[in-house]
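The figures that follow rest on heavy atoms only: side chains count, while hydrogens, waters and symmetry mates do not. Here is the naming used below: chain letters follow the sequence lines, and residue numbers restart at 1 for every chain.
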Amino acid sequence: MTDKKVRVRFAPSPTGGLHLGGVRTVLFNYLFAKKHKGDFVLRIEDTDQTRYVDGAEEYILDCLKWCGLQPDESPVAGGQYAPYRQSERKAIYREYAERLVMQGHAYYAFDTSEELDKNRKEIPNFQYGQAYRDSLRNSLSLPQHEVDALLDAGTPHVIRIKIPADENISFNDMIRGHVSFETNQVDDKVLLKADGMPTYHLAVVVDDYLMKISHAFRGEEWLPSAPVHLLLWDYLGWKADMPQWAHLPLILKPDGHGKLSKRDGARLGFPVYAMTWFDAKTGELTPGFRELGFLPEAFLNLLATLGWNDGTDQEIFTLDELIEKFSIDRVSKAGAKFDFEKAKWFNAEWIKRLNAESLKPKVKATLEEKGITVNNDDYLLTVINLIKDRCVLIPDFYQQAGYFFEQPKEYDLNSVKPKWTDAKTVFFNALITLLNNNEAALEAHDFETQFKALAEEKGLKVGDVMLPFRIMLVGGKFGPHVFDIAALLGKAETISRITKALAEFTA
RNA sequence: GGCCCGUUCGUCUAGGGGUUAGGACGUUAGAUUUUCAUUCUAGAAACAGGGGUUCGAUUCCCCUACGGGCUACCA
């Protein structure tokens, strides 16, 4: 390995929402870059106008921002290798493609898509390569004057790489080790499309070279086209500068088979995108981890451990720890099925770990969404500390904290009414009196003692009035210690809730 | 079909020629919590199959099976 500066890139095409696997690729790139004091660049691969989606690039930037994985160079941040959008680099690619033609490593092809489709349908195992290229319409099979005529006439054409015969191409993948291919099995991929735009194959090689990328991490689905890229690095004369490759394992569907897709999320009820994505064309809204109430810390953590571990039993990592401990050769080779249950566990762990202050803005937002306005931050902080251990996703804070801000709208009457007695009515009325007569009852922390004493005095078992009391304050059978809730609610509010509920219970 | 990659509990994984094959999620059972959750304890649960190599293979090699990816003028 050379000791040149570490530079990695994430190169998405702006075609829609950012998938789990995409974010994991970002994360591994980022971790590797930061660990080695290198640069992380974001390059937008928008060479396919037919698939380009408005707003997708901005969305990707927002995702990276939410995750805290900011690129050092990008279309917005700029950088010394700008532009970072391939559509803005269009002219560059043609030059290299022509150079390859000149050197005999590529050629012009005039076949139409229809003709090729027909061949693919009719000829078993048809591929544009050694076996068939001579019988197709290209600058290898046609006489020179005909090629010139075609070119002069402006006939639509592409430039294809000429894959050599009988060669073995191999390289050392940082994750998989030695990988090899027979060139006879590789087809003559299109390098430059008829519209003048490069395909991924040409663009990725040219840009990785020009942007001085030292390590290239991408999904395993790219492994079969690696020989094309290797050949290009060689033919362009850049072999010595070729990055080290690492092909990341895929993230698979939790059930069934295949790559995880956004459809699976909809089908199985979990997000697949980092953030909610709205498709303006179809009007389709695809939910994201962020909107569902995941913390970025947890999201990154779960992604990091999907296919990577540090060799110890540690599972919870901060970003800084990940940077310190990450190592590409500890990434596993096999694809991983995504498990939403474990994903939620990570989030619950992070909610427990984070202090109330850092949770506050998010909790506040989720409460406000439900129409609850928080005007006392200290009160909210106390509430968060009281309930955060029982929340898995941020929206759970509404269910767990709502009653601290508004009276229960509904009561779990089934748990109360069947067992209601007049003695209980007497007890709660006495409790109101007790509270009214004792200024410091709640604050003094002896409320619990007094409550129990009162129950005995009225001939009731404490257990018989505890649950009704909880339901009066909370509405249901959940929440922290009931006396903590009462203390936080305060005397007036507690009395108000007892009074209101008593009417319902005895109705 | 062809090519490439892969295969340890249901899932994510550790390990690696001789181990009671470890952890986590989930699950089951208990304890704690006069609610629920948390927490704690315990349990069930895995080396795909067949050949080699070896004193000994889950570990190394080969084959098979299975899984996945690619096979576009998409990335």
Base-pairing assignment for [N] (Watson-Crick or G-U wobble, both under 3.5 Å):
| N | answer |
| --- | --- |
| U54(B) | none |
| U33(B) | none |
| G10(B) | C25(B) |
| C3(B) | G69(B) |

When the distance from [atom1] of [X] to [atom2] of [N] is rounded to whole Å, what number comes out?
| X | N | atom1 | atom2 | value |
| --- | --- | --- | --- | --- |
| Asp313(A) | A14(B) | CG | P | 11 Å |
| Trp345(A) | G26(B) | CH2 | C1' | 12 Å |
| Phe397(A) | U38(B) | CZ | C1' | 13 Å |
| Ile163(A) | C3(B) | CD1 | C1' | 13 Å |
| Phe346(A) | G26(B) | CZ | P | 11 Å |
| Gln127(A) | U71(B) | CD | P | 12 Å |
| His178(A) | C4(B) | NE2 | P | 12 Å |
| Asn172(A) | C5(B) | CG | C1' | 15 Å |

The side chain of [X] is closest to which nucleotide in this list: [options]?
| X | options | result |
| --- | --- | --- |
| Asn125(A) | G2(B), C5(B), C25(B) | G2(B) |
| Lys189(A) | G26(B), U71(B), A24(B) | U71(B) |
| Ala194(A) | C70(B), C73(B), C4(B) | C73(B) |

[N], OP1 or OP2 - any side-chain N/O from [X] closer than 4.0 Å?
| X | N | answer |
| --- | --- | --- |
| Ser225(A) | C70(B) | no |
| Thr50(A) | C74(B) | no |
| Asn309(A) | A14(B) | yes |
| Lys352(A) | A37(B) | no |
| Lys337(A) | G67(B) | no |
| Arg160(A) | C73(B) | yes |
| Lys193(A) | A75(B) | yes |
| Arg51(A) | A72(B) | no |
| Arg120(A) | G1(B) | no |

Parallel, tilted or perpendicular for [X] and [Y], by the 30°/60° rule?
| X | Y | value |
| --- | --- | --- |
| Trp308(A) | Phe326(A) | tilted |
| His247(A) | Trp245(A) | parallel |
| Phe217(A) | His215(A) | tilted |
| Phe483(A) | Phe469(A) | tilted |

| message | Suppose we call a contact any N or O donor and acceptor under 3.5 Å apart; does that hold for the side chain of Lys342(A) and the base of A24(B)? | response |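 For Lys342(A), whose side chain was compared with the base of A24(B), there is a donor-acceptor pair (under 3.5 Å).
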| With sequence neighbours excluded, what pairs up with Phe299(A) under the ring pair (Phe, Tyr, Trp, His ring centres under 6.0 Å) test? |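 Result, ring pair (Phe, Tyr, Trp, His ring centres under 6.0 Å) vs Phe299(A): Trp66(A), Phe289(A).
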| task | May I ask you to decide whether Lys189(A) forms a salt bridge with Asp187(A), counting only side-chain N to carboxylate O separations under 4.0 Å? | result |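 Salt bridge present between Lys189(A) and Asp187(A).
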| query | Should the pair Glu284(A)-Arg263(A) be classified as a salt bridge under the 4.0 Å nitrogen-to-oxygen rule? | reply |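 Yes.
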How far, in whole Å, is [M] from [N] if one measures between their [atom1] atoms?
| N | M | atom1 | result |
| --- | --- | --- | --- |
| C62(B) | G26(B) | C1' | 38 Å |
| C55(B) | G67(B) | P | 38 Å |
| A65(B) | G50(B) | C1' | 10 Å |
| G15(B) | G22(B) | C1' | 8 Å |

| Pair Tyr93(A) + His201(A): ring centers closer than 6.0 Å |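 Ring centroids of Tyr93(A) and His201(A) are no less than 6.0 Å from each other.
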| task | Assert yes or no for the condition that the ring centre distance of Tyr398(A) to Tyr403(A) is strictly below 6.0 Å. | result |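 Centroid distance Tyr398(A)-Tyr403(A): not below 6.0 Å, so no.
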| request: Give me the residues of residues 458-466 of chain A where at least one heavy atom lies under 4.0 Å from an atom of RNA chain B, by number, or none. | output: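 Of all residues in residues 458-466 of chain A, the ones placing a heavy atom under 4.0 Å from RNA chain B are Val462(A), Gly463(A), Met466(A).
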| query | For RNA chain B, whose closest nucleotide is more 5', that of Pro198(A) or that of Asp187(A)? | reply |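 Checking each residue's closest nucleotide, the 5'-ward one belongs to Asp187(A).
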